[in-house]
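The structure appears below as C-alpha cells.
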Amino acid sequence: MSPLEFLRRYPVIPAVIIVTLLVTAIVGDWIVPHNPERADLLVRHTPPFWMEEGSTDYFLGTDALGRDVLSKIIAGARVTVLVVVAAVGTGVIVGTTIGLVAGYFGGLVDDIVMRIVDAWNILPGLLIILVVVLVLGQGLWTLIGVLAMLSWPGAVRLVRAETLSLKSREYVSLARIAGASNSRIMLRHILPGVINIVIVTATLGTGNIILTEAALSYLGAGIPPPEPSWGRMISEERQYIDAAWWTSFFPGLVIAMVVMSGNFLGDWFRDRFDPTLRQL
Amino acid sequence: MGPFVARRVILGIIALLIAMLIVFSLSRVKGDPRYFFIGEDSVGLDPAVWEEWGRRLNLDKPVPIQFALWMGDILTGDFGDSVTTQRRVLAVIREKAPNTIQLGIVAWLMGTMVGVPLGVFSATNRGKTLDYIFRGFALFGQSVPIFWLALVMIFVFAVNLGWLPSGTKGEGIAIRNFVLPAVALAWFPAASYLRITRTAMLEILDSEFIKFARAKGVAQTPVRWKHAFRNAIIPPLTLSVFVLFGLLNGTIIIETVFAWPGLGRLAIDALWATDYPLLAGLTIIYGVAFVVMILSLDIVYALLDPRIKYN
C-alpha cells in the first residue's frame with residue numbers, strides 16, 4: 001500500500017490530532033514554554049513568530065496582558081479534555097443503560113422512556129443550560145452535568161433499537177434456557193453487541209459537546225475563570241481583533257481542528273462498524 | 001392523520017412540562033426563591049414587602065402546589081416582571097422577538113438555498129474535484145465554532161476591508177447589517193443540508209427507477225431534478241427541525257457577537273444580570289416556539305410524503 005493510499009484509507013491526520021490533544025492534556029504542565037497565567041505587560045500583543053516584531057520566544061504571540069497564547073492553548077487542552085470526556089462519558093453510560101433496559105424489558109417502561117427521549121430532543125437545551133448556570137453559578141461540575149444532560153438521549157434510541165433486534169436472537173433465548181438472569185443477559189450477551197454503536201455515537205457526539213462547551217465559555221457560562229479555556233480566550237480578546245488577531249484566531253482554529261478530527265473519526269468508525277448507520 | 005397530529009401534540013406538551021419542571025425546580029433548589037425575584041434590592045428590604053413576595057410566590061403552600069400555581073400563571077401569559085428593567089417579561093420578549101425572527105428566517109433561507117443545491121451538485125458529480133471541495137466545506141462548516149467564524153468575518157469584512165458593519169441592527173431592515181450575522185448563522189445549517197442532501201441523492205440516484213428513466217432516454221437535467229431530487233427531499237426536510245433548533249441556539253451566540261438587539265442577546269444579558277424571571281420566560285417561550293415548529297414541520301412532512309405511516 002502506497003503512503004498516499006494509506007492516508008486515504010485510514011484517518012491518520014485526525015487520529016494524530018486527537019492523540020496530540022490527549023497527550024497535551026496529560027503532559028501540558030511540563031511542555032508549556034511559559035507560565036500561561038503570568039502576565040508581562042512589556043511584551044503585550046507580541047505577534048506570532050513569522051511576523052515582523054514577532055519572536056520564536058512567543059511562538060503564537062501574546063495576549064493583551066502579555067501571556068503566551070501557545071501556553072494558554074496548551075493549558076486549556078486539559079480542562080477541555082476533562083470536561084468533554086466526563087460529559088460524554090456520563091451521557092453515554094446513562095444513555096446506554098437506559099437504552100438497554102428499555103429495549104430489553106419493553107412494555108410500559110419502554111413507552112415512557114421513549115416519550116421522554118422524544119420530548120427531551122425538543123427542549124430549548126442551550127437556554128435551560130443558561131438557567132442552570134444562572135441559578136447554580138459557573139462551575140466545572142455544573143458544566144459537566146449540563147453537557148451530559150444534553151448528550152444522553154442520543155445513545156438511548158440507537159442502543160434500544162439494537163437491543164430490540166438482539167434480544168430475539170437464538171443465542172439470547174439459549175442463555176435464558178441455561179438459566180442466565182436478566183442482568184447477566186443484558187451485560188454479557190447484549191451489551192457486547194451494542195458497544196459498536198455506543199462508540200460511534202460517543203465519537204460523533206464529542207464534536208458537538210466541544211462546540212457547546214466552547215460557546216458556553218465564550219458566553220461566560222462555561223469553564224469558570226481561573227481555569228484556562230479556549231472559548232473564553234476568544235471572548236476575552238475579541239475587542240483586540242483589529243490590533244492582535246492572533247489572540248482569538250488560534251484558539252478558535254484549535255477548536256475547529258479538534259472538532260473536525262472528532263467528526264471525521266466518528267464518520268470513519270460508523271462506516272467501518274456499521275454502514276447501515278450512514279444516515280446519522 | 002388525526003391520531004398522528006394528536007400524538008405529536010402530546011409529545012409537545014410533555015416537552016413543555018419537562019422544560020417548566022426543570023426551570024421551576026431550579027428556582028427552588030438554592031436558598032430562598034425570593035432572591036431571584038427581588039434582586040439586589042433585597043438588602044435592607046422592608047419585611048412587609050418580603051412577606052408580600054412570599055405570598056405572591058405562594059411560598060406558604062407545598063412545593064407541588066407552588067408549581068401548579070406557577071404553571072397556571074405561565075399558561076395565562078403571566079411571566080412576572082424582569083428584575084433588571086421592572087417591565088413585564090412578556091412585553092420585553094415581544095419587543096425583541098421580531099429582530100430574532102427576521103435574522104433567523106434570513107439565515108434559514110440562506111442555509112437552505114446554499115446547502116441543498118450544493119448537496120445535489122455534489123452527489124451528481126460524485127468523486128470529482130468539486131465534490132471533494134463541497135464535502136470539505138461541509139465538514140469544515142460543521143466543525144468551526146460559529147462565534148469564532150463570526151469574529152474572523154468581522155476581522156476580514158468589517159475591520160480590514162470595511163465593507164460591512166461589525167454589529168447592531170440599525171434602523172428598520174438594513175440589508176448591510178444582516179449580511180455578516182446571517183452568514184455566520186447560516187454556515188452550520190448549510191453544511192448540514194449539504195451533507196444530508198448529498199447522501200439522500202446518492203441513494204436515490206442508485207435506484208432502479210432512475211436507471212430505467214436513463215435507459216428510456218430521459219435527459220440528465222430532468223432525471224436529476226424531476227425524478228431524483230423530488231424523492232430525495234424528505235431527509236433534508238426532516239433535518240429542518242434540527243436546523244431550526246440549531247438556529248435558535250445559534251442566535252444566542254451570534255446576537256452576542258454582533259450586539260444584535262434580539263432574544264438571544266436578551267438571554268445573555270439576563271444571565272449576566274441574574275434576571276431569573278426574564279431568562280425563565282425566554283426559556284419557556286423558546287420551548288413553545290420549538291414545539292410549534294416541530295408540529296408544523298411534521299404536518300408538512302406528512303402531507304408531502306404519503307408513504308409515512310402515522311405510528
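The model shown is predicted, which means the values in this text are computed figures rather than measured ones. Below, chains carry the letters A, B, ... as their sequence lines are ordered, and counting in each starts from 1.
In terms of non-hydrogen atom pairs under 4.5 Å with chain B, the most contact-rich of A:Ser248, A:Gly207, A:Ala256 is A:Ala256. Highest contact tally toward chain A, considering only B:Leu151, B:Val144, B:Ile14, is held by B:Leu151 [criterion: heavy-atom pairs under 4.5 Å]. Between chain A and the residues B:Tyr286, B:Phe245, B:Trp148, the largest count of heavy-atom pairs under 4.5 Å involves B:Trp148. Ranked by heavy-atom pairs under 4.5 Å with chain B, the list A:Val133, A:Asn121, A:Leu134 is led by A:Leu134. Ranked by heavy-atom pairs shorter than 4.5 Å toward chain A, the options B:Leu17, B:Ile268, B:Val152, B:Ile13 are led by B:Ile268.
Taking all atoms of both residues into account, the shortest heavy-atom contact from B:Ser143 to A:Asn263 is OG-ND2, 3.3 Å. Minimum heavy-atom separation, B:Pro145 to A:Ile255: CG-CG2, 3.6 Å. Here the closest non-hydrogen pair linking A:Leu127 and B:Ala267 is CD2-CB, 3.7 Å. Closest heavy-atom contact between A:Val259 and B:Gln142: CG1-O, 4.3 Å. Across all their heavy atoms, B:Ile253 and A:Ala215 have their closest contact at CD1-CB, 3.5 Å. What you find for B:Arg195 and A:Asp267 is that their closest heavy atoms are NH2-OD2, 2.8 Å.
Counting only heavy atoms from C-beta outward, the side chains of A:Leu130 and B:Ile252 approach each other to under 4.5 Å.
Of the atoms belonging to A:Leu136, heavy atoms from both backbone and side chain fall under 4.5 Å from chain B. Both the backbone and the side chain of A:Phe249 come within less than 4.5 Å of a heavy atom of chain B. With a threshold of 4.5 angstrom between heavy atoms, B:Thr256 approaches chain A through side-chain atoms but not through N, CA, C or O. Looking at B:Phe140, both its backbone and its side chain come within 4.5 Å of chain A, counting heavy atoms on both sides. Proximity to chain A involves both the backbone and the side chain of B:Leu279, based on heavy atoms less than 4.5 angstrom apart. Interface residue A:Leu253: backbone and side-chain heavy atoms are both found under 4.5 Å from chain B.
When the heavy atoms of residues 288-297 of chain B are compared with those of chain A, the residues falling under 4.5 Å are B:Phe290, B:Val291, B:Ile294, listed by number.
Expressed to the nearest 0.5 Å, how far CD1 of B:Ile18 lies from CD1 of A:Ile122 amounts to 9.0 Å. Considering CD1 of B:Ile22 and CD1 of A:Ile128, their distance stands at 4.5 Å, rounded to 0.5 Å. Here A:Gln138 contributes atom CD and B:Leu271 contributes atom CG; the two are 8.0 Å apart, rounded to the nearest 0.5 Å.
Applying the 6.0 Å contact sphere to CG of B:Leu21 captures more than 12 heavy atoms from other residues, nucleotides or ligands. More than 12 heavy atoms of other shown residues, nucleotides or ligands fall within 6.0 angstrom of atom CZ in B:Phe137. In this structure, A:Phe250 places its CZ atom where more than 12 heavy-atom neighbours from other residues, nucleotides or ligands lie under 6.0 Å away.
Panel note: side chain B:Trp272, backbone A:Leu219; a donor-acceptor pair is recorded below 3.5 Å.
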